Amino acid sequence: MEYRQNSHAVWDVKYHVIWVTKYRYKVLSGEVAERTRDLLRQICQGREVVIVQGAVSPDHVHMLVSVPPQLAPAKLVQYMKGRSSRMLQAEFPQLKKRYWGQHLWARGYFCASVGAVDEETVKRYIETQKWEDPGENFKITAPSEP
């Protein structure tokens, strides 16, 4: 397992993110696809996001990214979709004609967290801790009096 760190934190936060072009038009090919990939690399590098794996398909983008803990997934997607849309439409006039109103990407996105251990392992670990009240799901492990 490879953890990332800065001066105050150690983390392993990964997200699988997918978003699509508006109307699912297949416009991400050739130079547009290459520029999309380059822009996403620049945006991620500027936010200290590591691209573990990525793919630009004709009508959508898939990315597996390692993200600093202070960067929310919604903000990350906002940065990537917003900047890439503006830059791509500025550089490729054919996109600006097709997507009037500066909306290259559809509104939504998919995001799922990806971890080194699965949910069952974490649940088992938490359940094996010392609890005061066995019927409680969010428990206190410290003794009530010193």
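Note that the numbering runs from 1 along the sequence shown for the chain. Treat the numbers as computed from the prediction; the structure is a model and nothing was measured.
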Trainee: By side-chain contact (heavy atoms from CB on, under 4.5 Å), which residues pair with Gln94, not counting sequence neighbours?
Mentor: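 By the side-chain contact (heavy atoms from CB on, under 4.5 Å) rule, Gln94 matches Val32, Phe92.
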
Trainee: Side-chain heavy atoms under 4.5 angstrom apart, residues restricted to Ile, Leu, Val, Met, Phe, Trp, Tyr: same cluster for Leu64 and Val56?
Mentor: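 Unlinked, Leu64 and Val56 end up in two clusters.
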
Trainee: Tell me whether Val65 is reachable from Trp11 by hopping between hydrophobic residues (I, L, V, M, F, W, Y) whose side-chain heavy atoms are closer than 4.5 Å.
Mentor: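 Yes; Val65 is reachable from Trp11 via cluster members.
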
Trainee: Tell me, which pairs form a salt bridge (charged side-chain N to carboxylate O under 4.0 Å, His left out) where one or both residues lie in residues 71-96, sequence neighbours left out?
Mentor: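 Pairs touching residues 71-96 that pass the test: Arg35-Glu91.
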
Trainee: Looking only at heavy atoms, which two atoms of Val27 and Arg98 are closest? And how far apart?
Mentor: CG1-NH1, 3.8 Å

Trainee: Any non-hydrogen side-chain atom of Lys97 less than 4.5 Å from a side-chain atom of Leu95?
Mentor: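 The answer is no; the side chains never approach within 4.5 Å.
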
Trainee: How would you list, by chain and number, every residue that makes a ring-ring contact (aromatic ring centres under 6.0 Å, His included) with Tyr79, sequence neighbours excluded?
Mentor: none

Trainee: Mind checking who shares a hydrophobic cluster with Val20, ILVMFWY linked at side-chain heavy-atom distances under 4.5 Å?
Mentor: none

Trainee: Please walk me through it: do Trp19 and Met80 pass side-chain contact (heavy atoms from CB on, under 4.5 Å)?
Mentor: CA-CA 10 Å; Trp19 66 91; Met80 291 194 296; 3.7 Å; yes

Trainee: Heavy atoms only: give me the nearest Cys111-Val17 pair and the separation to one decimal.
Mentor: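 Of all heavy-atom pairs spanning Cys111 and Val17, the closest is SG-CG2, 4.2 Å.
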
Trainee: Who pairs with Arg24 by side chain to side chain donor-acceptor pair (under 3.5 Å), at least two apart in sequence or on another chain?
Mentor: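 So Arg24 forms a side chain to side chain donor-acceptor pair (under 3.5 Å) with Asp59.
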
Trainee: Among residues at least two apart in sequence or on other chains, which ones pass side-chain contact (heavy atoms from CB on, under 4.5 Å) with Gln5?
Mentor: Val10

Trainee: Output every pair passing ring-ring contact (aromatic ring centres under 6.0 Å, His included) with a member in residues 27-46, not counting sequence neighbours, ordered by first then second residue.
Mentor: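 Counting only pairs at least two positions apart or across chains, no ring-ring contact (aromatic ring centres under 6.0 Å, His included) contact touches residues 27-46.
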
Trainee: If the condition is side chain to side chain donor-acceptor pair (under 3.5 Å), which residues does Trp105 pass it with, not counting sequence neighbours?
Mentor: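 Trp105 satisfies side chain to side chain donor-acceptor pair (under 3.5 Å) with Ser84 only.
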
Trainee: Tell me, do Lys14 and Ser113 make a side-chain contact under 4.5 Å, heavy atoms counted?
Mentor: no

Trainee: Run the ring-ring contact (aromatic ring centres under 6.0 Å, His included) test against Tyr23 and tell me which residues pass, sequence neighbours left out.
Mentor: Tyr25

Trainee: With a 4.5 Å cut-off on side-chain heavy-atom distances among I, L, V, M, F, W and Y, is there a chain of contacts connecting Ile18 to Leu76?
Mentor: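 Hydrophobic grouping puts Ile18 apart from Leu76.
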
Trainee: Could you go through residues 38-54 and list every donor-acceptor pair under 3.5 Å that involves a side-chain atom there, pairing it with any protein atom two or more places apart or in another chain?
Mentor:
none

Trainee: Would you mind listing every ring-ring contact (aromatic ring centres under 6.0 Å, His included) that reaches into residues 56-76, with sequence neighbours excluded?
Mentor: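 Every pair satisfying ring-ring contact (aromatic ring centres under 6.0 Å, His included) with a residue in residues 56-76: His16-His62, His60-His62.
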
Trainee: Tell me whether Val77 shares a hydrophobic cluster with Val13, the cluster being built from Ile, Leu, Val, Met, Phe, Trp, Tyr side chains joined at under 4.5 Å.
Mentor: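 Per the 4.5 Å side-chain linkage, Val77 and Val13 are co-clustered.
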
Trainee: Return the set of residues passing side chain to side chain donor-acceptor pair (under 3.5 Å) with Lys22 (not counting sequence neighbours), or none when no residue passes.
Mentor: none

